[in-house]
S.K.: 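Shown below is the structure under consideration.
Labels below follow one simple rule: chain letters A, B, ... track the order of the sequence lines, proteins then strands, and each chain is numbered from 1.
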Amino acid sequence: MTISADHTAPGSAPGSAPDQAQPRPAENAVTEAVRKFGITVEDYMLPARHQIQMVDPEGRLLAEGEQGTEPGHEYPLPGDEELLAAYEQLVVGRRVNDQNSALVRQGRMAVYPSSHGQEACQVAAALCLAEGDWLFPTYRDAVAVMTRGVDPVQTMTIFRGDWHSGYDPAKHKVGIQCTPLTTQLLHAVGVAHAAKLRGEDTVVMAMCGDGATSEGDFHEALNFAAVFHLPVIFFVQNNKYAISVPLAHQSVAPSLAHKAVGYGMAGERVDGNDVVALLAVLDRAVALARGGSGPLLVEANTYRMQAHTNADDATRYRQDSEVAEWLAKDPVARMRTYLTGRGLLDDDGDSRIAAHAEAVATQLREGLGEDVPVDPQELFRHVFSEPTPQLKEQAAMLADELARDASSGEASK
Amino acid sequence: MSPTVTTSSEANGNVSAATARAAASAASAAEASGPQSVTMAKALNTALADAMHADPSVLVFGEDVGQLGGVFRITDGLTRTFGEQRCFDTPLAESGIVGMAVGMAMNGMRPVVEMQFDAFAYPAFQQIVSHVAKMHNRTKGALKLPMVIRVPYAGGIGGVEHHCDSSESYYAHTAGLKVFTPATVADSYRMLREAIDSDDPVMFMEPKKLYWSKDMVDLEDLRSAHSANRKVGTSSEGRAAVARSGTDATLIAYGPSVPTALAAAAAAAEEGRSLEVIDVRSIVPFDDETVCASVRKTGRAVVIAEAHGFASVSSEIVARVQERCFHHLAAPIRRVTGFDVPYPAPKLEHYYLPGVDRILDAVDNLQWED
Ligand SMILES: Cc1ncc(C[n+]2csc(CCOP(=O)(O)OP(=O)(O)O)c2C)c(N)n1
Ligand SMILES: [Mg+2]
């Protein structure tokens, strides 16, 4: 049932009370899993007993029985082409992270919350989506935004400091990199709801961090998505810290993915440093959501390798040994070993990918290295569709002030 | 209302007898031509229905707005008429309602959401301030958020606590929000239609004590005037109204205080004093021109508002008028506002609310001797 231009289609049968809650669309994935495997609805919604992992930290493909899959929680291995494309983006993402951190040190950017160590999550969150789908990122998800196709320099505008969003969210179907924690999840819900009312099969990827799951909007967004049966994938990057606060202070749930069942949706947890497993889980989540199974919650188990931002000192709240442990689980090195071992990646391929990454880094250095002129009149231009009389007055006041500054500057020369 | 609503109901072909009766009774007020006695609630309801009929992207949602028609019945019959995809109940969560509306507005819809009461909109404050108000600016105008947040506000109904807040100043203080508040039946129709048409987000503050106030209005006239204005691109948006002409002093009021100001002006007239009453209507954008023209003419002004006076819309109005009209003023501008106390319990609200006597006292204090 969709909203058509002649808007004459309320969703009820002739003669029935039109105000009754409409029946939920077929929960096909759940009912199918229940029928096929004899598992309960709760077993379907609860995450599998173990996180889904396909390639271990040493770059070895795990045997099917060791991947953490279960009846109702099966994930086919993604195809070679998809894996190679993902690896390329991993390398680019790592380069982007390190280039941006360097630009902050050089004073070219105000701040950069790096996703170093989380690149597999970044890349998979973007690559699993189709053309018309939407992505709602946080401040830490610049690599996901770029992987989705937004120009790297436009992606970084928010941190360069000359305006807030550097790209048009509607054009790219990518929300503004959002800082008020989890507020963007509700926008994801709204975008999905609007699409559903028009009968479009849009899927929306809604990203947040582990600490953010404590926010009220996290709860409201998951509940709204579940009640309205919307194709939203809530993708939580559990990187173990919210600035300095470890996850144990946010939640004592068995895992963040377990929260799904409380909303009546399916949850899964996945090795967030294994891009193979991430793609397998997210591809299926996208397919399920697009097929009408409602929202899903995916928790990626990863680690923030660097401080929260350049302004943070991570040594105040975590041990070097912990960081070293996670260094051994690096998502980029792991994938390189795996693909090389499978003969999918050779030196030529590797250097081509490295050149691609370098080209993006150059783009960033050049784009962020130059001072962009700012227009103070722009302060007033976009507050409303049309500036109010008051804003016009204030714009004139500033213009006059600047004109006087300029002429006194001239005079003093 | 009848041509639009009944046509669409009939086309649905699935309206129950009760629904048909409801639609017929909803339509009857307007079917008889000429002015009828109409409540503000009815005018708002008609504006919503007309807007939904005119534009399929207009959606109405909130708490109890579906089957029940809203606790104040402003959305009465909309689900029946337009189906529950166009007017529906959400889970009970205000941030969710507003946040979802943001996403819908980003994706081609024109949501009109209802906050059940003023003080229950506060969970949505973060969404309103950080996203609703800023989205257009953050994207240099690339993203418009055409959405309306309806808030039944202010007191005077003997409500228990948390049901009577005058919250307009919070929104007016937030750059990027338009803030409208009608005081008359006809304005409530006109302004809600304009709010829904606006490409900018609008906080639509409905003085709940006036919901059942009545006026003789011709809804069909209002409807055609709206269509005609829309065609030529004119609107009364952002314009204050002269609610009563006078020569001696100006009472500046909005929303729930307008009828009180008019009553004070009527009382003053009996004592031989001619008061002009300005109904601000649009707090943002503010109509300096109309307000200041009146004050320059009369030379004296009292600003009236139910909200606490401190750091409020009323203080802003005083500041603006003082800056612009100082040399025309025969006396300092006075204010009659709520006291700076939490909104009182029902048996005390009488002492708190600006009343006719307090307004007349303020007028008496406008230095008439010189
Ligand atoms: C509503 C809100 N409260 C506080 C903050 C300040 N803040 C920014 S990031 C952050 C930590 C978030 O941690 P998490 O969700 O785990 O994401 P991560 O930074 O680890 O990616 C905090 C507290 C904020 N941005 N928004
Ligand atoms: Mg975290």
S.K.: Salt bridge check, B/E323 against B/R320: does any charged N sit closer than 4.0 Å to a carboxylate O?
M.R.: no
S.K.: Can you tell me which portion of A/D217 sits under 4.5 Å from chain B's heavy atoms? Options are side chain, backbone, both or neither.
M.R.: side chain
S.K.: Under a 4.5 Å heavy-atom cut-off, does chain A meet the side chain of B/E237, its backbone, both or neither?
M.R.: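 Neither part.
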S.K.: Between A/T155 and A/Q177, is any pair of side-chain heavy atoms under 4.5 Å apart?
M.R.: yes
S.K.: Please flag which part of A/A188 lies under 4.5 Å from any non-hydrogen atom of chain B: side chain, backbone, both or neither.
M.R.: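 When you check distances to chain B, no heavy atom of A/A188 falls under 4.5 Å.
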S.K.: Under the 3.5 angstrom rule, does the side chain of A/Q184 hit a backbone N or O of A/T182 as a donor-acceptor pair?
M.R.: yes
S.K.: If you count heavy-atom pairs under 4.5 Å between each of A/A192, A/A194, A/G216 and chain B, which one has the most?
M.R.: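 It is A/A194.
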S.K.: Between A/V204, A/D168, A/T202, which residue shows the highest count of heavy-atom pairs closer than 4.5 Å to chain B?
M.R.: A/D168
S.K.: Do you know which of B/V98, B/L92, B/L145, B/L177 has the most heavy-atom pairs with chain A at a distance under 4.5 angstrom?
M.R.: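 Of B/V98, B/L92, B/L145, B/L177, B/L177 has the most heavy-atom pairs under 4.5 Å with chain A.
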S.K.: Using heavy-atom distances under 4.5 Å, tell me whether B/I97 contacts chain A through its side chain, its backbone, both, or neither.
M.R.: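 Both the backbone and the side chain of B/I97 come within 4.5 Å of chain A.
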S.K.: How far apart are the C-alpha atoms of B/Q67 and B/D89, what are their side-chain angles, what is the distance that settles it, and do they pass the side chain to side chain donor-acceptor pair (under 3.5 Å) test?
M.R.: CA-CA 8 Å; B/Q67 178 89 7; B/D89 293 325; over 6 Å; no
S.K.: Should the pair B/D287-B/R281 be classified as a salt bridge under the 4.0 Å nitrogen-to-oxygen rule?
M.R.: no
S.K.: Is any side-chain N of the basic residue among A/E393 and B/R324 closer than 4.0 Å to the acidic one's carboxylate O?
M.R.: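 Between B/R324 and A/E393 there is a salt bridge, with a charged N closer than 4.0 Å to a carboxylate O.
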S.K.: Salt bridge between B/D200 and B/K178, side-chain N to carboxylate O under 4.0 Å?
M.R.: yes
S.K.: Does any backbone or side-chain atom of B/H136 lie under 4.5 Å from a heavy atom of chain A? Answer side chain, backbone, both or neither.
M.R.: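 Contact with chain A: backbone and side chain both.
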S.K.: Examine whether an atom of B/T90 lies under 4.5 Å from a heavy atom of chain A, and if so say whether it belongs to the side chain, the backbone or both; otherwise answer neither.
M.R.: both
S.K.: What part of B/F286 lies closer than 4.5 angstrom to a heavy atom of chain A: side chain, backbone, both or neither?
M.R.: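 Looking at B/F286, backbone and side chain both touch chain A.
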S.K.: Considering only heavy atoms and a distance below 4.5 Å, find which of B/S95, B/G141, B/P111 pairs most often with chain A.
M.R.: B/S95
S.K.: Quick one: of A/V191, A/L185, A/I158, who has the most non-hydrogen atom pairs under 4.5 Å with chain B?
M.R.: A/V191
S.K.: Check the orientation of A/F136 and A/H187. Use parallel for under 30°, tilted for 30 to 60°, and perpendicular for over 60°.
M.R.: perpendicular
S.K.: Who among A/A170, A/G166, A/S165 has the most heavy-atom pairs with chain B under 4.5 Å?
M.R.: A/S165
S.K.: How are the rings of B/Y122 and B/Y170 set to each other: parallel, tilted or perpendicular (split at 30° and 60°)?
M.R.: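 The rings of B/Y122 and B/Y170 stand perpendicular, inter-plane angle above 60°.
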S.K.: Relative to chain A, which of B/M106, B/Q126, B/K140 shows the most heavy atom pairs under 4.5 Å?
M.R.: B/K140
S.K.: Could you tell me whether B/R110 and B/D199 have a side-chain N and a carboxylate O separated by less than 4.0 Å?
M.R.: yes
S.K.: What part of B/A93 is in contact with chain A, defined as an atom under 4.5 angstrom from a non-hydrogen atom: side chain, backbone, both or neither?
M.R.: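 Interface part for B/A93: both.
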